[in-house]
Number of protein chains: 2
Amino acid sequence: MPDHADHGCPGCESPDLAFARHDHAHCSADALSRAEALAAERGLRLTPVRRRVLEILLEEHRAMGAYDVLNRLAAEGFGNQPPVAYRALDFLEEQGLAHRIRRLNAFTACVHPGEAHAPAFLICRACNRVAEAPAEGLRAALDQAGAALGFAVEGSSIEAVGLCPQCAGAAA
Amino acid sequence: MPDHADHGCPGCESPDLAFARHDHAHCSADALSRAEALAAERGLRLTPVRRRVLEILLEEHRAMGAYDVLNRLAAEGFGNQPPVAYRALDFLEEQGLAHRIRRLNAFTACVHPGEAHAPAFLICRACNRVAEAPAEGLRAALDQAGAALGFAVEGSSIEAVGLCPQCAGAAA
DNA sequence: GACCTATATGTAACTTTATAACATTGCAAG
DNA sequence: CTTGCAATGTTATAAAGTTACATATAGGTC
């Protein structure tokens, strides 16, 4: 397996660059092989539907609705009923291979699966693209805010809406 | 208008105490009068539907789905179609009088309207209650994380799922 | 290899959540 | 009073997500 941190693709190397141009084909291939390794490691089955859904999310490189994914699946001969897509997406999310963007009712492939991380998402309101920002500090702060009330934080969704660099530039 | 910070109701005084027992009738009345003041100040119309929706959210003191609110409205002689509820809820949200909880597809009255705040929500997965936690620091950190990528954060939703003190106690 | 079981997939039907589009009402400024 | 705009009412439909049950298939066991 390639060393994720040392292959020279900015988009893969650093999630911070999700908005920047990068060799995305490389990212996809890499993320996929990482997913396979992860599944093997955990004794999980990365079945055809699941694998294909992950591929689709990686290919599109954007947040996709469950029904968008479903349409792609149906066109390729998989089942065409909602549970087919939701089950695969839920599996991927549980395994940290994909994330759910609640503000968009959509899903996106995780760019660095396996690495423990509490993601924060930056959602551009103009182009709708989504970047995953490093948020360890944010999550820690949230845990702490919860703890102050005696609340035990188990999961979090941290999402920001705004303008990405490209769209902000275009507007100006 | 009563001084919000000095009337002795712990639930009102400190949003941190949302999970704690408190004089809720007082909170409601207070929040409502604050909403009225705010509307007057901004030249907005706190119409019967809007006002009633806010009252309902305050009364129930929990996150409510738009259709839950709609049912209450319909029972009271207001329109019984979804836009009636959504429009009022959207208005309240825009004015900072209510918040949308994306993980629950639900809405909740803001406990301290008018005060600038970037709320974080703590959602108990057992009892489904929601507390609004102070999150200025979180929001600042999110702004900064965005800025590092050239992303201009305009709005945020920060939500945590976990166990509230009561439910954690009951489980143990 | 034949069988059994757990897991995954396929499918139908339905619920819940949300929006679009347009008609109607009513308050408010001139 | 009338004209215009904001708010509400209403119809219809779209989008998102779930329940329940039938079928298939991978992997383990004999």
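Lettering follows sequence order; numbering is per chain, from 1.
In this structure, the nucleotide among D/dT8, C/dT17, C/dT9 sitting nearest to the side chain of A/T47 is C/dT9.
Contacts of A/R102 with the nucleic acid, taken as non-hydrogen atoms under 4.0 Å apart, are absent.
Taking a cutoff of 4.0 Å between a charged side-chain nitrogen and a carboxylate oxygen, B/D68 and B/R72 do not qualify as a salt bridge. Between B/R139 and B/E136, none of the side-chain N atoms (NZ, or NE/NH1/NH2) sits under 4.0 Å from a carboxylate O, so this pair counts as no salt bridge. Ionic pairing of B/R34 and B/E41 is not present here: no N-O contact between side-chain nitrogen and carboxylate oxygen is shorter than 4.0 angstrom.
In summary, the side chains of A/R102 and B/S157 do not present any donor paired with an acceptor at a separation below 3.5 Å, with no hydrogens or angles considered.
For B/R100, a side-chain nitrogen or oxygen approaches OP1 or OP2 of C/dA18 to under 4.0 Å. Of the side-chain N and O atoms in B/N105, one or more sit less than 4.0 angstrom from OP1 or OP2 of C/dA18.
If you check residues 65-92 of chain B against DNA chain C, the residues with a heavy atom closer than 4.0 Å are B/Y67, B/P82, B/P83, B/Y86, listed by number.
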Between the protein and nucleotides 23-30 of chain C, are there any N/O to N/O pairs under 3.5 Å, and if so, what are the atom names and distances?
none

A/E59/A/R52 under salt bridge (charged side-chain N to carboxylate O under 4.0 Å, His left out): CA gap, chis, key distance, verdict: CA-CA 10 Å; A/E59 272 172 31; A/R52 191 68 194 115; 3.4 Å; yes

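A ring-centre distance under 6.0 Å is not found for B/H99 and B/F107.
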